[in-house]
Amino acid sequence: ILEASDFSDLCEDIEVPVTVVVGRTSTFISNAAYEEYCERHGFALDTQFDRSGQLVMRDNPRRVFALLRANMTSSLG
């Protein structure tokens, strides 16, 4: 979302919890930029993915899906 195009207008009024995941080894975009983006849109930010860069879904898909399942379970009550 942050690198090639600005899709910020598509991130407005999302009614479900959103967590942006970024690997610890990401050097493409600064953590400060991710933090500002998430704060602006009301998203959570998880940067605790070891041995992953900006392609966390490719680097660590099991952990991404585990996070997704946990978030869905907690939001369903």
Side-chain angles (χ1 to χ4, degrees):
I1 288 178
L2 296 175
E3 67 268 358
S5 300
D6 186 0
F7 297 106
S8 295
D9 59 324
L10 300 175
C11 295
E12 299 298 325
D13 302 318
I14 296 176
E15 297 182 15
V16 295
V18 173
T19 300
V20 174
V21 295
V22 179
R24 286 184 188 248
T25 63
S26 178
T27 58
F28 194 67
I29 298 171
S30 72
N31 277 347
Y34 284 115
E35 290 167 2
E36 187 275 327
Y37 187 83
C38 289
E39 186 174 307
R40 182 168 21 123
H41 294 289
F43 299 160
L45 176 63
D46 186 340
T47 59
Q48 303 303 311
F49 284 73
D50 294 327
R51 296 182 309 277
S52 293
Q54 58 270 13
L55 300 175
V56 176
M57 187 63 178
R58 186 201 68 201
D59 296 339
N60 202 337
R62 291 183 194 281
R63 178 138 180 242
V64 171
F65 277 94
L67 178 66
L68 179 61
R69 284 188 190 97
N71 287 343
M72 289 178 65
T73 301
S74 68
S75 68
L76 294 175

Going by heavy atoms in the side chains, are Q48 and L67 under 4.5 Å from each other? no

Can you confirm whether L45 sits close enough to E35 that some side-chain heavy atom of one is under 4.5 Å from a side-chain heavy atom of the other? yes

Please set out all donor-acceptor pairs under 3.5 angstrom arising from side-chain atoms of residues 10-18, sequence neighbours excluded.
residue, atom, partner, partner atom, Å
E12, OE2, H41, ND1, 3.3

Quick one: pull up CZ in R24 and CG in D59 and give me the separation to the nearest 0.5 Å. 14.5 Å

Does V22 share a hydrophobic cluster with I29, counting links as ILVMFWY side-chain heavy atoms below 4.5 Å and allowing steps through other members? yes

Closest heavy-atom pair and its distance - S52, T25: O-OG1, 2.6 Å

Suppose we screen for salt bridge (charged side-chain N to carboxylate O under 4.0 Å, His left out). Which residues come up paired with R58, at least two apart in sequence or across chains? none

Hey, could you give me the CZ/CG distance between R63 and D50, rounded to the nearest 0.5 Å? 7.0 Å

Work out which heavy atom in C38 is nearest to a heavy atom in A44; give both atom names and the distance. SG-O, 3.8 Å

Does some side-chain heavy atom of V21 sit less than 4.5 Å from a side-chain heavy atom of F49? yes

